[in-house]
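In what follows, a structure is listed as structure tokens, so that the remarks can point back to it.
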Number of protein chains: 2
Amino acid sequence: MPDLSIDVVAKAAGVHRSTVSRAFSRPEAVKSETREHILRVAEGLGYTMSPLAQALRRKTSTIVPLIVPDITNPFFAELAKTMTQAADERGYQLMLCVTNGDPAKSDGYFTAMQAMYAPFGIVAPSTKVDTEALKRFAFGHKVVVIDRVEGDDSVPTVTVDSRKGIMLALDHLHGLGHTSIGYVSGIAGTHTAQDRMDAYLELTAQSGSTPVVLDSGSDLDAGTRGAEHFLAMDNPPTAIIAANDMVAFAVISALGRSGLRVPEDVSVIGFDGLALGARFNPPLTTVRQPIADMGHIAIELAEKQNVDGSVDHIVLEPELLVRGSTSELRK
Amino acid sequence: MPDLSIDVVAKAAGVHRSTVSRAFSRPEAVKSETREHILRVAEGLGYTMSPLAQALRRKTSTIVPLIVPDITNPFFAELAKTMTQAADERGYQLMLCVTNGDPAKSDGYFTAMQAMYAPFGIVAPSTKVDTEALKRFAFGHKVVVIDRVEGDDSVPTVTVDSRKGIMLALDHLHGLGHTSIGYVSGIAGTHTAQDRMDAYLELTAQSGSTPVVLDSGSDLDAGTRGAEHFLAMDNPPTAIIAANDMVAFAVISALGRSGLRVPEDVSVIGFDGLALGARFNPPLTTVRQPIADMGHIAIELAEKQNVDGSVDHIVLEPELLVRGSTSELRK
DNA sequence: TCGGTTGCTGAGATCGGTTGCAATAACACT
DNA sequence: AGTGTTATTGCAACCGATCTCAGCAACCGA
């Protein structure tokens with residue numbers, strides 16, 4: 001394969017390199033006959049432009065990093081899936097970066113991406129993001145965060161309304177006759193996680209019941225510990241809200257190992273709306289986040305910021321997804 | 001941030017650009033004092049080399065595509081996780097490419113990666129890979145496949161011993177007293193999927209029982225259909241082998257919805273060893289694939305092929321992981 | 001017919017490195 | 001001292017595009 005560069009196409013088409021360049025990158029600047037001729041020749045040669053060379057010269061590439069703590073967590077996997085697609089549709093290539101919760105890695109990715117002239121990046125954090133730290137990196141000025149951030153409006157964000165989501169869960173459970181409802185926090189140490197918990201605390205108090213936080217940890221074992229706590233109680237709640245689906249899975253699994261059945265003995269509701277939940281045993285009732293929308297919106301916000309400089313904060317609406325892990329209270 | 005190029009470092013260090021280049025890329029070619037001086041100056045300026053410019057000139061980059069059909073499938077997610085790490089350790093950056101099972105997309109990724117001068121790529125296919133098609137792309141000569149390939153030894157592969165895995169599952173179930181054991185195929189249309197099924201058929205016949213294939217589909221609903229088939233049988237098997245963990249989840253979920261309990265009423269064993277399985281209800285007994293090893297080995301094979309031209313076919317050993325979804329047969 | 005646009009295309013510098021080759025210095029040996 | 005290495009470093013072309021500037025032709029109105 002004789003290396004195909006812009007010059008060989010130019011020669012083959014009998015024009016100058018710069019004309020070929022324009023034919024591809026700025027079509028309106030070339031007489032249409034010329035352009036079509038060039039494109040035809042290029043096509044015939046099987047030529048495509050080198051994204052590397054373009055990026056080097058233009059100082060901006062089409063590769064967009066998505067930084068997630070753990071791709072093994074289905075929430076991030078679903079996010080990654082929709083984002084690859086959203087990116088693709090707009091001509092970007094998504095580069096998946098997995099930090100395993102290590103902020104140092106995340107910094108490393110930032111500088112690497114900056115060196116690659118990434119036009120912007122998306123971060124799905126596992127901790128409350130420090131916008132100051134973010135902005136110490138030049139690249140930090142061009143990221144959108146999939147979480148709420150505190151005190152600083154200069155970073156675009158996408159989130160779903162945590163309070164609304166918890167309210168949905170609570171209302172659903174109340175409707176089924178449950179009045180004593182426990183809560184298990186979980187996994188991420190994000191603002192979103194905090195918000196969900198706060199909403200639970202506040203809304204429960206408002207309805208006159210006393211909140212029962214079964215576990216407030218933020219690691220993978222929160223579900224298991226929450227279940228243990230539940231089992232050790234004299235007067236346990238009749239329903240449990242899990243901060244996210246993964247935790248709900250763990251709770252149900254741990255409960256099951258101790259002989260308790262869901263939803264017969266306890267109702268459990270999750271938060272996320274993972275596709276996986278539909279194949280759980282029992283299928284998980286949950287509050288759905290519009291993950292696909294989040295992905296698309298994240299990219300839009302990033303692009304918008306890049307052109308306008310505008311910084312938006314989008315809050316999406318969650319939605320109740322009733323499946324099989326909750327049922328009417330029975331005495 | 002005044003653009004940091006090799007020239008500003010050179011000026012600051014009082015040497016020529018090429019010396020700076022060597023100090024970084026070919027340390028032994030520079031007097032050690034000079035090198036240390038340059039490195040110190042660079043460090044002080046916060047300079048790092050542009051991977052883009054390097055790739056352009058060297059005609060080889062450090063970005064490695066991992067092509068998977070669906071990142072939402074935890075098997076591929078775990079693979080992606082270990083591979084990002086394995087890649088990282090060797091100085092590559094993994095670029096995740098999701099095809100959604102569309103071979104055309106996969107072709108597109110190939111040419112894109114070739115344009116990016118990727119040194120090689122890893123493919124985890126969702127269908128039997130056609131090595132001929134693979135090699136129509138120049139890039140096809142530099143890919144390692146995470147599946148068996150047929151009739152063509154020119155492509156490095158990593159797989160686990162399917163027959164051994166099925167044997168492990170069968171032996172485990174036999175040991176628990178089960179003699180009538182069904183099988184649900186699932187999801188991927190790969191050689192591996194085929195091999196597992198063939199092994200089941202063959203080994204079952206060998207042990208004198210008659211195979212019961214509950215579903216042989218290769219889509220996400222195989223588990224559900226398999227369970228339906230099971231429920232409709234007059235004399236259903238007492239245990240089920242699922243071709244992979246995701247299918248096992250679906251089977252158990254569907255069985256559960258019909259009031260059947262696992263493992264009390266039916267034993268179910270999966271194949272994959274996903275971390276998720278430990279948090280299923282019940283925790284899933286399964287045949288573990290050494291996914292982490294697969295990731296590392298895939299990268300090693302690719303590198304090896306790149307230098308030697310050598311093509312290896314590595315077959316890894318599976319391992320039985322007994323958790324809670326199988327139990328002694330009771331009448 | 002002539003100056004002024006306007007539309008296209010070519011020249012050539014540039015992006016940030018790499019690398020073969022030449023030049024110089026330093027050292028060894030006869 | 002003369003000559004043949006060998007170790008370092010500088011020079012300049014090159015990778016594959018982009019983009020500013022300039023040149024040229026066609027077209028416009030007076």
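Scope of the values below: all heavy atoms of this structure, side chains included, with no hydrogens, waters or symmetry mates. These figures come from a predicted structure and were not determined experimentally. In what follows, chains are A, B, ... by sequence order, proteins preceding strands, each numbered from 1.
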Hey, does A:V15 reach any base, or is it just sugar-phosphate, or nothing, if we go heavy atoms under 4.0 Å?
sugar-phosphate
State whether the number of non-hydrogen atoms from other residues, nucleotides or ligands found under 6.0 Å of B:R26 atom CZ is greater than 12.
no
Which of these passes side-chain contact (heavy atoms from CB on, under 4.5 Å) with A:T159: A:V145, A:V315, A:V149, A:L316?
A:V315
B:D312 vs B:P156 side-chain heavy atoms within contact, under 4.5 Å
no
Quick one: is A:Q54 getting a side-chain N or O under 4.0 Å of the D:dG16 phosphate, OP1 or OP2?
no
Compare side-chain N and O positions of A:K59 against OP1 and OP2 of D:dT18 and report whether any pair is under 4.0 Å apart.
no
Carefully, step by step, assess A:M83 and A:M294 under the rule side chain to side chain contact (heavy atoms under 4.5 Å, CB included).
CA-CA 8 Å; A:M83 295 239 350; A:M294 296 172 76; over 6 Å; no
Rounded to whole Å, please give me the gap between CG in B:L56 and P in C:dG17.
12 Å
Electrostatic pair A:R90-A:E303, nearest N-O below 4.0 angstrom
yes
Dot-bracket notation for DNA chain D, counting Watson-Crick and G-U pairs under 3.5 Å, with | for partners on another strand
||||||||||||||||||||||||||||||
Once you round it to whole Å, what is the distance between P of C:dC15 and CD1 of B:I6?
13 Å
Any sub-3.5 Å donor-acceptor pair from B:S61's side-chain atoms to B:Y117's backbone N or O?
yes
Taking atom CD of B:E33 as the centre, does the number of heavy atoms from other residues, nucleotides or ligands within less than 6.0 Å exceed 12?
no
Value in whole Å for how far the C1' atom of D:dA17 lies from CE of B:M116
15 Å
So does B:Y117 get a side-chain nitrogen or oxygen closer than 4.0 Å to the phosphate oxygens (OP1/OP2) of D:dC15?
no
Less than 4.5 Å apart, any side-chain heavy atom of B:L79 and any of B:I146?
yes
Does anything in residues 27-50 of chain B come within less than 4.0 Å of DNA chain C? Heavy atoms only, and list the residues if so.
B:Y47, B:T48, B:M49, B:S50
Whole-Å gap separating C1' (C:dG17) and CG (B:L52)
11 Å
Expressed as a whole number of angstroms, how long is the span from A:L4:CG to D:dC15:C1'?
14 Å
Side chain to side chain contact (heavy atoms under 4.5 Å, CB included) between B:S126 and B:D70: does it pass, once the steps are laid out?
CA-CA 9 Å; B:S126 64; B:D70 177 16; over 6 Å; no
Is there a side chain to side chain contact (heavy atoms under 4.5 Å, CB included) between B:V98 and A:Q85 once you walk through the steps?
CA-CA 8 Å; B:V98 183; A:Q85 196 192 331; over 6 Å; no
Listed pairs, N/O of protein and of nucleotides 19-27 of chain D, under 3.5 Å:
none

Please assess A:E89 against A:H296 for the test side chain to side chain contact (heavy atoms under 4.5 Å, CB included), listing each intermediate value before the final yes or no.
CA-CA 10 Å; A:E89 285 168 8; A:H296 281 86; 3.4 Å; yes
